[in-house]
Amino acid sequence: MLDIQLLRKDIAFVASRLASRGITIDTAHFEALEAERKEIQTRTQDHQARRNALSKQIGIAKAKGEDASAAMAEVVRINDELKVLEERLGDIQEELNDFLSQLPNLPHASVPEGGSDADNVELRRVGEPRRFDFPVRDHVDLGEALDLLDFATAAKLASSRFSLMRGGLARLHRALAQFMLDTHTQEHGYEEVYVPYIVNADSMRGTGQLPKFEEDLFKLNNGMYLIPTAEVPVTNIVRDEIIPGENLPIRLVAHTPCFRSEAGSYGKDTRGMIRQHQFDKVELVQFVRPEDSYDALEELTSHAETILRKLELPYRVVALCTGDLGFSAAKTYDLEVWLPGQNTYREISSCSNFEAFQARRMQARFRREGGKPELLHTLNGSGLAVGRTLVAVMENYQNADGSITIPEVLRPYMGGLSVLRQGQD
RNA sequence: GGAGGCGUGGCCGAGUGGUUUAAGGCACCGGUCUUGAAAACCGGCAACGCGCAAGCGUUCGUGAGUUCGAAUCUCACCGCCUCCGCCA
C-alpha cells in the first residue's frame, strides 16, 4: 500500500511513477473522494465532540440530582445526524482504501524504464554454459529414462502440473533444500523458521496477494489459502508488531512447499517441472531499517547467488524494468539459471525490496531509541526455487549415458553418492 | 468435539453504566543529589487519524447491538488457558 499522505501531497508524482509501470490512475476521482472525506470527517468529529461534552454534563447533572432532559434531547438529535455522517464517512474511507489497495508500489529511481520483460537489463553473467559433445536432453527425458520422474502417475493422482519423484531424484530434491537451508543459516546469518502452509486473508493482504490476485491462489473451504510462497507466512510474522530497533536487521529463511493455481498460464511451460501447482522453495526474508534496505537487497541477492555458485550452475542477474515489476516490489533482481534443455536462461530466483509497501499494509513497525514507531522495510528472495534448481542440476550435470553427476556440495547430503543412474536405489 | 475461565498501553495489572481525561507498578527517557554509579526524590512516557496550530476524534481482542452515555450490559466471531474426549 502506498502512503496516502504522498497521494494527498503530490498525486502528479505518484501518477507519473505508476505510469512508468503502465498503470493509469484516476487522479480526479481520488481528489474528489479526499475532498469529501475531509469535509465529512470534520463535521463528524464536531458532532462527536458535542455529544461527548453533553454526555459528560448529563452525568454531572444526574450525580447532583438535577434535571438533564434538555441535554438528553439534544444528544438524541445529534445522534440522528451523526448516524448519517458516520455511515457516509465509513463508505468514503472504504472507497479510498479500495482505491489505494489496488495501486502497486512505486518503482525505485534506479529501476530501468520499460514496458515488458524485453526491457529488463542484464547486469552480469556468472559461469560459462557447458559445451556438450552429445545430444542434450531436457530434465523430462532424463528423469523418465532413469525411472526417477513420473508425470503420468502424478497426473493420475492429482492433475497435470504435478510431479512424482522417486528414489535418488527425490533424495536429490531433498538434498538441495537441506543444502540451501544450511548455507543460509550457517554462512549468511539467517534464522531458520518453520511456518504454516495455510494462512488467513489478513496475511494475504499484508504481503499484497490480496485483494488483486485471488485467482492465482488455492482457496480452502474455510476461507483460508494455501501459501503461494513462504514470503506470506514469514513476512507476516511482523504484522501488527513494533520491533525494538536494535533487533534489526532480522533475517529469516524457510523451506516450504508453494501452491499456485497458475490460472491464465495455459499452454505455457506445460512440459516438465518448470511451472507446477506445487513446488518447494527456500525463501529468504529480511526486515531492515529503511536506510539499509537497498544495501540489504544487494546482500540478499548475493546470498541467493551463492547457492548457484556453489552448485556451479551458470546464471545471469537481471534487473527488472518498471513494466515487469511485481505488484508490491520497488525493485527486483531476477536470477536466471542456464538450462541446456531449453538453451536459455530461466528464472530461478526473484529478489525484491518492497520498501514500506508491505509494512504499511501489515502495520509492521520498529522503534528507534526513544523514538516513535516507524514502518520498517521488507525484502525477500528465493534462495532458491528447489524444483527449478533440481531441473538445472539434472540438465547441466547430465552425461552421455543419461546418468546425472551429483554436484560436489550435495554429495554429503546424498550419502556420498556421486552419480544418479538407472536401477539405483 | 464437550464443559468452564480469560482477553485492558512495550510488560504486569486495577477498573462491573456517568468528571476514566484508563489507577498503580515495571521497563524506558530527562532532572536533582553524587567524584562516578546505585539508591532515593522530581518530572516525562500508548497507538492511530484530522488540523499550520490550539485542539478534536478513534482505539480496552474483532464486529454488531442496548443506552442520552459502554473498558463495564447483550449477541456473534477470533485468540489464549484449564479439564474431558479423540489423535500423529
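All chains are named by letter (A, B, ...) in the order of the sequence lines, taking the proteins before the strands, and each is independently numbered beginning at 1. The figures here come from the full heavy-atom set of this structure, side chains too, leaving out hydrogens, waters and symmetry mates.
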May I ask which nucleotide in the shown strands pairs with [N], Watson-Crick or G-U wobble, both distances under 3.5 Å?
N	answer
rC28(B)	rG44(B)
rA70(B)	none
rC83(B)	rG2(B)
rC77(B)	rG61(B)
rG9(B)	none
rG49(B)	rC56(B)

Nearest-Å distance for atom pair [atom1]/[atom2], residues [X] and [N]:
X	N	atom1	atom2	answer
I242(A)	rG10(B)	CD1	C1'	8 Å
K62(A)	rC68(B)	NZ	P	9 Å
K56(A)	rG18(B)	NZ	C1'	10 Å
I60(A)	rU20(B)	CD1	P	10 Å
R367(A)	rC48(B)	CZ	C1'	13 Å
Q363(A)	rC48(B)	CD	P	8 Å
N97(A)	rG49(B)	CG	P	13 Å
N200(A)	rC77(B)	CG	C1'	14 Å

Legend entry - Protein-to-nucleotide contact annotation, 5' to 3' order, nucleotides 59-66 of chain B [B base; S sugar-phosphate only; - none; under 4.0 Å, heavy atom]: --------
Inset, instruction - Heavy atoms under 4.0 Å is the rule here; annotate nucleotides 51-58 of chain B 5' to 3' with B where the base is hit, S where only the sugar-phosphate is, and - elsewhere. - result: S----BSS
Within 6.0 angstrom of [X] [atom1], more than 12 heavy atoms from elsewhere:
X	atom1	answer
R360(A)	CZ	yes
R166(A)	CZ	no
K156(A)	NZ	no
E31(A)	CD	yes

Inset, instruction - Compare side-chain N and O positions of R365(A) against OP1 and OP2 of rC48(B) and report whether any pair is under 4.0 Å apart. - result: yes
Inset, instruction - Using only side-chain N and O atoms of N79(A), determine if any of them is under 4.0 Å from OP1 or OP2 of rG69(B). - result: yes
With a 3.5 Å cut-off and no angle check, do the side chains of [X] and [Y] form a donor-acceptor pair?
X	Y	value
K310(A)	T183(A)	no
D147(A)	Q422(A)	yes
S163(A)	Q276(A)	yes
N52(A)	S55(A)	no

When the [atom1] atoms of [N] and [M] are considered, how many whole Å apart are they?
N	M	atom1	value
rG17(B)	rA70(B)	C1'	7 Å
rA37(B)	rU21(B)	C1'	39 Å
rC29(B)	rA22(B)	C1'	22 Å
rU34(B)	rA46(B)	C1'	34 Å
rG63(B)	rC56(B)	C1'	26 Å
rU8(B)	rA14(B)	C1'	10 Å
rU19(B)	rG13(B)	P	25 Å
rG43(B)	rC33(B)	C1'	15 Å

Legend entry - Check: Y197(A) ring centroid to F259(A) ring centroid under 6.0 Å: no
Inset, instruction - Measure up the H188(A) and Y190(A) rings against each other and bin them: parallel (under 30°), tilted (30 to 60°), perpendicular (over 60°). - result: perpendicular
Inset, instruction - Would you kindly compare P373(A) and A71(A) by the position of their nearest RNA chain B nucleotide and give the one closer to the 5′ end? - result: P373(A)
Legend entry - Heavy-atom closest pair, residues C351(A) and A304(A): SG-CB, 4.2 Å
